[in-house]
Each structure stands twice: as structure tokens, then as C-alpha cells.
Amino acid sequence: MNTHSRMIAPGELEALDTIVIGAGLGGLGAAAKLIEGGRDKLIVLEAENKVGGVWRENRYPNVACDTPIDLYAYSFYPGDKWSSNFAPGNEILAYLHEFADRFGVTPKIVFGARVAEAVWDDAKALWRVASTDGRTWMGRYLVWSGGLFSQPTLPKIKGLEGFTGESIHTTEWHDGIDLTGKRVAVVGGGATSIQVVPYAAEHAKELTVFVRTPSYVLPRPDINFGAKDRMSPDFALQQKARRTEWFNRFEIIARSRFPMNGPVIAEQEAVWKEQFDNQVHDPHAREVLTPNYRFGCKRPLFSSAYYPALEQDNVTLVGRGVSHLAGDTIVDVEGDAYPVDMVIWATGFEPSGMLGGLVIRGRDGRELEDEWRAIPHAYFGTMVEGFPNFFLINGPNAGGASVTDVVEAQVGFILANMVEADTRGASIVEVDEQTYRLFNEDIQVRADASVMVRGNCNSYYRVGGTGKVFTHWPDTVEAFQQRIRSHAPSGVVFRTAEAGR
Ligand SMILES: Cc1cc2nc3c(=O)[nH]c(=O)nc-3n(C[C@H](O)[C@H](O)[C@H](O)COP(=O)(O)OP(=O)(O)OC[C@H]3O[C@@H](n4cnc5c(N)ncnc54)[C@H](O)[C@@H]3O)c2cc1C
């Protein structure tokens with residue numbers, strides 16, 4: 001329901017405190033905490049007609065969180081309806097709807113408002129925001145939470161248009177799709193593929209899986225929750241304990257990544273090897289599925305069903321990339337052709353295209369996309385030099401194991417800046433230029449020393465797959481939480497519009 005658009009007529013300019021872009025997990029969390037902090041003169045502009053972000057867009061079979069829900073749900077709202085600790089996507093989507101209602105965010109959302117442009121007005125210290133359909137808004141602060149995984153990657157290969165079968169990216173999956181009796185190909189060996197492959201192996205007549213680069217797939221320690229578990233008075237306490245346990249487990253992985261720590265990485269590789277040896281017996285499959293890079297270089301994954309699915313009789317595993325499509329065949333880079341009725345592209349997303357064409361113009365007309373052309377950068381993933389009163393949720397180099405820990409820390413910082421500006425009577429909040437430069441130099445020194453760069457792989461963590469790391473905070477999440485609280489404020493400058501720069 002488009003409640004707020006009834007309150008603001010198209011074209012009418014109402015000066016808001018904050019305009020949030022995006023009603024995914026990040027935008028909803030930010031709006032909830034701003035409202036809770038008394039800053040409820042805000043709106044959330046959402047391009048689509050429902051909340052949920054990636055959980056609205058990804059409806060493929062077995063879609064689930066891959067950091068356990070105890071860690072992935074907000075710490076201040078852990079949810080009480082989960083059927084499993086690796087919660088299915090539809091439950092996460094329902095949680096986000098419930099979250100938006102519970103924290104008073106729903107009435108603040110303008111659905112169907114895809115932001116095309118946001119322009120900073122330095123004289124008035126305001127952001128002017130316009131949607132693709134010509135509606136406009138003004139806000140003192142702009143918070144972007146458009147998501148890193150909203151731009152699907154489809155390989156640019158020949159023959160897609162003339163392909164006689166069905167071809168879908170996993171984000172295009174819908175309830176009408178039936179694999180029964182079909183010859184299906186799944187392309188990809190990453191996070192989406194390991195979730196969709198067990199389903200496809202079970203339902204398709206024949207399944208061909210193309211894995212150019214295999215993942216480290218660790219055992220998934222599933223816990224299923226029945227109604228009795230959820231109603232137990234201890235449920236909330238158990239959730240909290242599991243949250244801490246998983247937080248610590250992922251911190252070990254973070255420590256092994258930044259800087260690259262061979263012995264700790266080897267311990268994680270041993271956990272992978274144990275499951276691999278137990279589940280993968282076929283010599284060809286063992287060859288195809290053994291990573292030739294170090295653990296942590298790419299996203300580590302959890303599944304206990306992926307390797308067994310690949311060993312089913314109806315499954316062919318191809319350890320090569322796809323070259324092109326021709327008629328009803330999918331052809332690999334060696335020229336071998338496989339007749340198929342359907343291709344499922346589990347080829348992921350392009351985080352460096354996160355702005356998705358959105359134009360954000362800061363001081364002196366500087367455009368964010370231009371600033372980010374070589375590499376996206378930010379201050380604690382939250383502020384960008386030259387873009388006053390602008391904050392990012394899940395921005396560059398902020399990623400950790402679970403986004404909610406990061407979002408909670410970011411929103412705390414954003415809110416503290418807004419409060420400080422009010423206290424000082426300042427209308428402009430921005431990051432100091434020199435602090436910004438030194439901060440980002442340090443980020444890259446740390447990232448260069450990580451397994452993400454030194455571990456012998458290409459990944460979406462890096463610009464163009466092989467360049468600088470722009471997705472991750474190159475340290476532990478605890479360090480992010482501590483530093484954004486205690487260190488980040490020293491790099492923030494407060495001014496009044498009249499005082500100039
Ligand atoms: C299948 C899948 C599983 C994942 N599992 C995990 C996990 O287990 N743990 C984890 O930590 N992370 C996971 N992630 C990463 C995930 O992106 C984050 O967890 C989380 O969704 C980020 O929330 P967000 O609000 O930043 O972005 P999103 O969820 O992408 O939401 C962004 C929202 O902004 C809207 N939007 C974008 N541009 C505009 C615009 N110009 N104008 C208006 N609205 C706009 C979009 O429509 C969308 O609703 C997963 C991602 C995927 C795709």
C-alpha cells in the first residue's frame with residue numbers, strides 16, 4: 001500500500017529530516033533505529049511494491065540465509081517464527097514485513113518510487129531527490145541502502161537470443177517453473193548454485209552442472225525448530241547463545257583472512273576436506289570440486305546436500321565454463337555440447353554496479369558513480385568525502401560475516417552524527433578530506449595483505465574480479481564495531497551552511 005504517496009502530492013516538496021533509499025533489510029533497519037531515536041520525519045523510497053530487497057527478489061528453490069538466522073536477524077529483534085537456523089527465504093521475507101510493521105516503518109514507505117537522482121544543495125544544506133516517474137522530495141539527510149546484490153550477472157555469451165529452451169537467472173525464478181521431466185543445466189558453483197542444485201537434481205530428468213570455479217562447501221549444521229521449541233521460555237536465550245557462538249566462529253574466519261593467516265586457514269580447509277572426503281567419491285567430481293585457491297579467498301559456503309546431489313545418477317558435472325548456446329544445446333569452452341530444455345544461470349551479482357544507474361550528485365556536482373569508477377570507497381562504509389549529509393548502509397568495505405552486525409553499528413554512527421549536528425546547531429555533517437584519504441589507504445593496505453588478494457582466486461569481492469577489494473571490512477566485525485564507535489567520529493566535521501567551507 002502506498003500510504004505516504006497520498007500525503008505528499010507528486011511534485012510537492014516537503015522538507016524531511018531523512019530520506020532513506022531502499023526497503024531491504026538494511027533500509028528497514030536504518031529507518032527503524034532512526035524512528036526509535038526520535039527522528040521520525042523520514043520516508044523510505046522503495047523502487048518495488050513490497051519490502052524485502054534480496055529476499056523479495058530471490059525466490060528460487062532452497063533459497064535461505066547462509067549465515068545462520070540467529071546471527072542474521074537483527075540482535076534487537078531476533079524473530080520467533082523460524083523453522084530452521086538456516087531460515088528459508090520466505091520466512092526471512094515474512095520477518096522483514098513483520099519488522100517493518102513492528103517498528104513503525106511501513107507507513108513511512110513510498111512504494112514504486114525508484115530514485116533516479118539525488119542532488120546536494122550546498123546553500124540550503126538539503127538533498128533534492130527525484131524518482132524515475134518525476135516525483136520529488138527534499139531531505140536534510142540522505143541514507144542509501146540500495147543493496148550490493150541487486151544487479152544480477154548474466155554472462156555475455158552468444159546464442160542467448162536464439163536459444164530454443166527456457167533461460168532464467170535465479171532471480172527470475174517463479175512458482176510456475178516445473179523441472180519435472182526436463183533436461184536442465186545449472187551454471188555456477190557459488191552461493192546460489194549450492195542451494196538450487198540439490199532441488200534441481202531431485203526434480204529434473206537430467207541435470208548438467210557447470211562449475212568453472214568450485215567453492216569450499218562446509219557441512220551445514222542444521223537445527224530445525226518445531227512449535228514446541230519456539231514456545232519454550234528458553235528459546236530467546238538459546239537464540240542469543242547461538243548468536244554469540246556463530247559470531248565467534250565467523251570472527252575466527254575473519255582473523256584468518258585479515259591478514260592472511262595460513263595455519264588458521266588450513267584448519268578451515270581441514271573442516272571442508274572431511275566433508276569432501278566423506279561425500280565426494282567419483283574421481284572426476286573430486287577433481288572438478290577441489291578448489292585451487294585458499295579458503296576465504298571467495299565466500300565460504302555451508303551445505304550438506306550439495307556434494308551428494310552432484311553424485312546422483314541423473315547429474316553430469318562439467319568442470320568448465322560455458323562458451324555459448326546454440327539451438328537447444330549449451331556448449332562448454334572445450335566445444336562439448338549438452339542438449340537441454342532449460343538453463344538456470346546461478347551466476348550471482350555484480351556488487352560494483354550497486355548504484356544501478358542511480359545518480360547521486362554531491363558538492364560541486366561531483367557524481368558518486370564517477371568517484372567510484374576505479375573502485376567504490378567510503379568511510380567505514382558509511383560516508384563519502386564530498387557528499388555531505390549522505391550516509392550509506394552496507395557501503396564499500398563494510399562487509400562482514402552477517403550484514404546485521406554491520407548495519408547496527410552503521411546506524412548507531414549515523415544517528416550519533418545527526419544528534420551531534422543538532423547539539424552543535426550544524427546543518428552539514430561530512431567526513432574530513434585527509435582523514436578520508438588516509439582511512440582508505442589503510443583499508444587497501446590491509447585488504448592487500450588478505451587471503452582475498454593473496455589466496456589465488458578471482459571473486460566479486462574485488463573490482464573486476466581481480467582488482468582491489470571493495471566489499472569487505474578488512475578486519476574482524478568486532479574491530480568494525482569498536483572503531484566506528486570510538487574512532488570514526490574523530491574524522492567527522494560539522495558546519496553550518498552559512499559558515500561555508
Ligand atoms: C540469495 C541471497 C542470500 C543472502 N544471504 C545472506 C546471508 O545469509 N547473510 C548475509 O549477511 N547476507 C546475505 N546476503 C546479502 C544481502 O544482500 C544482505 O543480507 C541484505 O539483503 C542487504 O540488505 P540491503 O537493504 O542493503 O539490500 P537489499 O536487500 O538488496 O535491498 C535493497 C532495496 O533497495 C531498493 N532499491 C535499490 N535501488 C533503488 C532506487 N534507486 N530507488 C528506490 N529503491 C531502490 C531495492 O528494490 C531493494 O528493495 C544474501 C544475498 C542474497 C542475494
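Order of appearance sets the numbers: ligands from 1, and atoms from 1 within every ligand.
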List, for ligand 1, each N/O atom that has a protein N/O partner under 3.5 Å away, with both atom names and the distance.
unit_1	atom_1	unit_2	atom_2	d
ligand 1	8 (O)	D66	N	2.6
ligand 1	8 (O)	D66	OD1	2.9
ligand 1	8 (O)	T67	N	3.0
ligand 1	8 (O)	T67	OG1	3.3
ligand 1	9 (N)	T67	OG1	2.9
ligand 1	11 (O)	V403	N	2.9
ligand 1	19 (O)	Y72	OH	2.5
ligand 1	25 (O)	L25	N	3.4
ligand 1	25 (O)	G26	N	2.8
ligand 1	25 (O)	S145	OG	3.3
ligand 1	26 (O)	N394	ND2	2.9
ligand 1	29 (O)	V54	N	3.0
ligand 1	41 (N)	V115	O	3.1
ligand 1	42 (N)	V115	N	2.9
ligand 1	44 (N)	A47	N	3.1
ligand 1	47 (O)	E46	OE2	2.7
ligand 1	47 (O)	R56	NH2	3.0
ligand 1	49 (O)	E46	OE1	2.7
ligand 1	49 (O)	E46	OE2	3.2
ligand 1	49 (O)	R56	NH1	3.0
ligand 1	49 (O)	R56	NH2	3.2

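Under the 4.5 Å side-chain criterion, counting only non-hydrogen atoms from C-beta, I168 is in contact with M342. Looking only at side-chain heavy atoms (C-beta outward), Y460 and R299 come within less than 4.5 Å of each other.
Evaluation of the side-chain hydrogen bond (donor to acceptor under 3.5 Å, both in side chains) rule for R373 yields D370 as partners, not counting sequence neighbours. In terms of the salt bridge (Lys or Arg N to Asp or Glu O under 4.0 Å) criterion, E172 has no residue partners (sequence neighbours excluded).
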Table please: side-chain donor-acceptor pairs of residues 396-403 below 3.5 Å, with sequence neighbours left out.
unit_1	atom_1	unit_2	atom_2	d
N397	ND2	V469	O	3.2
N397	ND2	H472	O	2.9
S402	OG	L71	O	3.1
S402	OG	T404	OG1	3.1

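One side chain, E408 or S75, offers a donor N or O that lies under 3.5 Å from an acceptor on the other.
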